[in-house]
Amino acid sequence: MTDSRPVRVRFAPSPTGDLHIGGIRTALFNWLFARRYGGKFILRIEDTDQKRTKEESQAGILNGLAWAGLNWDEGPDIGGSYGPYIQSERVALYRQWVNWLVDKDLAYRAYETPDELAIIAKLHQGYDRRARELTRDDWARFDAEGKPFAVRFKIPLLGETTFTDMVRGPITFQNDKLQDVVLLKSDGFPTYHLANIVDDHFMEISHIIRAEEWIPSAPIHKLLYEAFNWEMPQIAHVPVILAPDGGKISKRKHPEAAISYFIKGGYLPEAVTNFLCNVGWNYGVLDAEGNEVQIFTKEQAAEIFDISRVTNNGTKFDLVKLQWLNGEHIRLMNPVELAKRLRQPLEDAGLTVDMDLLIRVTPLIQERIKLLNDIVELAGFFFRGEIKPITVTDLVPKKMTAPQTRSVLQQAYDRLAALPDFSHTSQEESLRPLAEELGLKPGPLFTAIRVAVTGQPVSPPLFETMEILGRELALARIAHAIQLLQ
RNA sequence: GCCCCUAUCGUCUAGAGGCCCAGGACGCGGCCCUCUCAAGGCCAAAACCGGGGUUCGAAUCCCCGUAGGGGCACCA
C-alpha cells in the first residue's frame with residue numbers, strides 16, 4: 001500500500017465557507033491513513049481564489065477539525081518544516097515554477113479576456129487552444145500594449161493518460177478530451193491545478209486522498225508531474241456524500257451539510273467520526289458472535305484502516321443512524337464526563353447550571369437521550385426554578401376523574417411527608433403499596449405525581465427525580481396540584 | 001452535448017467464482033421487560049438493476065443496455 005517514501009498526507013480545504021461534512025470525512029480518511037502508517041497529517045489552506053476567500057472561514061475550518069479530534073502535525077497555526085501552509089503566502093514559488101514550464105515550452109501565455117473566453121467556450125467545448133499559436137514576439141507586443149495574460153498548460157494533443165487510483169484501479173483519459181487548463185491567473189495567483197502540484201511536491205506529500213469530484217482533473221495533474229519530472233504521489237478518490245434524497249448534499253438545502261450543524265446540534269464528535277468511518281468504508285471487525293462491530297473509536301479504526309477497501313460508490317447520508325450512534329456513544333461515556341458536555345446545551349437554552357446538580361441528574365438521562373441537546377426537554381426542569389404551568393387535563397390520568405386524582409395525590413403526599421428519609425427506595429416502598437391499596441395500577445398513580453412534580457408527562461424515573469429535587473420542593477408541587485384539582 | 005465513476009434490503013454495508021435460496025447494522029413491525037420515556041432482550045419483513053455471454057458453477061469476471069452520481073471556470 002505504501003511505497004518507500006515516508007507517509008505524508010494532507011487535507012487542503014479552501015476557506016470559502018463552513019467546513020462541509022464531506023470535507024470532514026475526507027479529512028478523517030487522511031487522518032486515519034496517516035495514523036495507520038505512522039505518517040504525518042498536514043493541514044494546508046488553499047486560498048488562491050481572492051474573490052471567494054472569506055477571512056473568518058479559516059478559523060471555522062480549524063475549529064471544526066479540532067472539534068472532530070482530527071489533530072494535524074503541520075499546519076498554518078502550528079507551523080512545520082515545510083511551511084508556509086497557506087497558499088497565498090507561497091505565490092513566489094508558484095510563479096517560479098510556472099515560469100520554468102513556460103521556459104521549457106510546456107506552458108504558454110494566453111491573452112483572451114473573460115468575454116472572449118465565454119464566446120469561445122460556447123463555440124467549442126471549452127478553450128480552443130488558440131493562444132498556443134502565439135509567438136514570443138506576439139507576447140512582447142501584447143505586453144507592450146499592457147494586456148494581461150494567464151498561463152495555460154500545454155496538454156499533449158495525442159495519446160492517453162492513465163493513473164492508478166488506490167480505490168478504483170487504473171483510470172484512463174484520452175488526452176484530446178483534456179483542457180489546456182489555466183495554471184496562473186491574470187491576477188498573478190495560481191489555480192488549484194498549479195498550486196496543488198507544487199505544494200504536494202515540495203511538502204513531500206506521499207499520498208493524496210480526496211473526494212471523487214477530482215477524478216477528472218487527475219490526468220491533468222499526472223501530466224503536470226511528468227512535465228516537472230516530479231514523482232507523483234499515490235492517489236485515491238473517495239466517494240462523495242449524497243443527501244438523503246439522492247442529490248449532492250448542499251449547505252443550502254441540507255443544514256446537516258455543514259459541520260456547525262453537528263456542533264450546535266448536540267452531537268458527539270466521537271459519534272460523528274464513528275459514523276463517517278462507516279460511510280464509504282467498513283470497519284470490518286467482528287464481535288464474539290460474529291457480528292460486525294458498529295461502535296468504535298477513530299483510534300481503533302486507524303489500527304486497521306485500509307484505503308483500498310473504501311467503497312467506490314456514492315453514499316447517502318443517514319442522519320437517523322448517526323443519531324442512534326450518538327445515543328450509543330452517550331451511553332458509553334463516563335457520567336461525569338458526560339455531565340461536562342451537557343452543560344453547554346443547557347446554558348444555550350438559557351438555564352443556569354449547577355454542576356453538582358447536573359452530575360446527579362446525568363445518570364438518570366444518560367440512556368434516555370440521543371443528542372446532548374435532548375437534556376433540555378427531558379430534564380430542563382431541574383434547572384428552572386419552577387415547572388411549566390399545568391392544567392387539570394394534564395394532571396388527571398386516563399380513566400380517572402379529577403376528584404379521584406386529588407384524593408390519590410393527597411394520600412401520596414401524606415405518605416411522602418411521613419417518610420423517615422426521602423431516598424428513592426423509600427419512596428417506592430411506600431408508594432407501590434399505596435397503589436395496590438387504592439386498587440390502582442402503579443402507572444396512573446405515578447403519572448399523576450410525575451406531572452405534578454415535573455410538569456411533564458415524560459420525565460426521568462420519578463423517585464430518583466423527586467429524591468434529587470428534595471422533599472420540600474416535591475411536596476410543594478404536589479400540594480399545588482391538589483389545589484388545582486379543587 | 002462530451003468525458004469519467006458507480007450499481008446487493010428504504011439507508012450504511014459484508015460478500016475478492018462454489019462456504020450465499022446472500023450476513024450485519026440503522027430504520028420499520030411485533031413480543032418481552034417496565035412508573036412515563038428511553039435503554040435492553042427476542043422475533044419478523046426486507047436486496048444481488050435488466051439482458052446477453054465466460055464457466056461444471058456468477059452477487060462476484062466480460063459486453064451491451066438502463067439508472068444514479070461526478071466533471072467539463074482566469075472556483076477549488
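Proteins get letters first, then strands, A, B, ... in listed order; numbering begins at 1 in each.
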Notebook entry, point to check: If you check every side-chain atom of A:K321, which of B:A25, B:C74, B:U36 has the closest atom?
Noted result: B:A25
Note to self: Taking pairing as Watson-Crick or G-U wobble with both contacts under 3.5 Å, can you name the mate of B:C31, or confirm there isn't one?
What the structure shows: B:G41
Next item on the list: List in chain and number order the residues that pass side-chain contact (heavy atoms from CB on, under 4.5 Å) with A:Q294, two or more places apart in sequence or in another chain; answer none if no residue qualifies.
Entry: A:N278, A:E292, A:K321, A:W324
Next item on the list: For the side chain of A:E328, starting at C-beta, report the closest nucleotide among B:A76, B:A39, B:C37.
Entry: B:A39
Next item on the list: State which of B:U36, B:C72, B:U6 makes the closest approach to the side chain of A:V458.
Entry: B:U36
Next item on the list: Among the candidates B:G24, B:A76, B:A16, find the nucleotide nearest to the side-chain atoms of A:E292.
Entry: B:G24
Next item on the list: Could you pull out all residues at least two apart from A:L473 that satisfy side-chain contact (heavy atoms from CB on, under 4.5 Å)?
Entry: A:L469, A:R477
Next item on the list: Nearest 0.5 Å please: distance from the CD1 atom of A:I205 over to the CG atom of A:D200.
Entry: 5.5 Å
Notebook entry, point to check: What nucleotide among B:A76, B:C35, B:U11 has an atom nearest to a side-chain atom of A:E464?
Noted result: B:C35
Checklist line | Minimal non-hydrogen separation, A:P460 against A:I365, with atom names | finding: CG-CG2, 4.0 Å
Margin query: With a 3.5 Å limit on both atom pairs, tell me what B:C49 is paired to, counting Watson-Crick and G-U wobble, or say none.
Written below: B:G65
Note to self: Could you tell me how far B:C9 sits from B:C20 if I compare only their C1' atoms? Round to whole Å.
What the structure shows: 15 Å
Margin query: Which nucleotide wins on minimum distance to the side chain of A:P216, given the candidates B:C26, B:U36, B:G71?
Written below: B:G71
Checklist line | Contact summary for A:V98 and A:L194, nearest pair of heavy atoms | finding: CB-CD1, 4.1 Å
Next item on the list: Once you apply the 3.5 Å cut-off to both distances, tell me the Watson-Crick or G-U wobble partner of B:A16, or none.
Entry: none
Checklist line | Separation of B:C74 P from A:R95 CZ (nearest whole Å) | finding: 18 Å
Note to self: Tell me which nucleotide, if any, is Watson-Crick or G-U wobble paired with B:C21 when both distances must be under 3.5 Å.
What the structure shows: none
Checklist line | Proximity to the side chain of A:N282 - top-ranked nucleotide from B:C75, B:A14, B:C5 | finding: B:A14
Next item on the list: Would you indicate, yes or no, if B:U8 has its OP1 or OP2 atom less than 4.0 angstrom from a side-chain nitrogen or oxygen of A:N313?
Entry: yes
Notebook entry, point to check: Base, sugar-phosphate alone, or nothing: which one does A:P148 contact when heavy atoms must sit under 4.0 Å apart?
Noted result: nothing
Next item on the list: Determine the contact category for A:T315: base if any of its heavy atoms lies under 4.0 Å from a base atom, sugar-phosphate if only primed atoms, P, OP1 or OP2 are that close, otherwise nothing.
Entry: sugar-phosphate
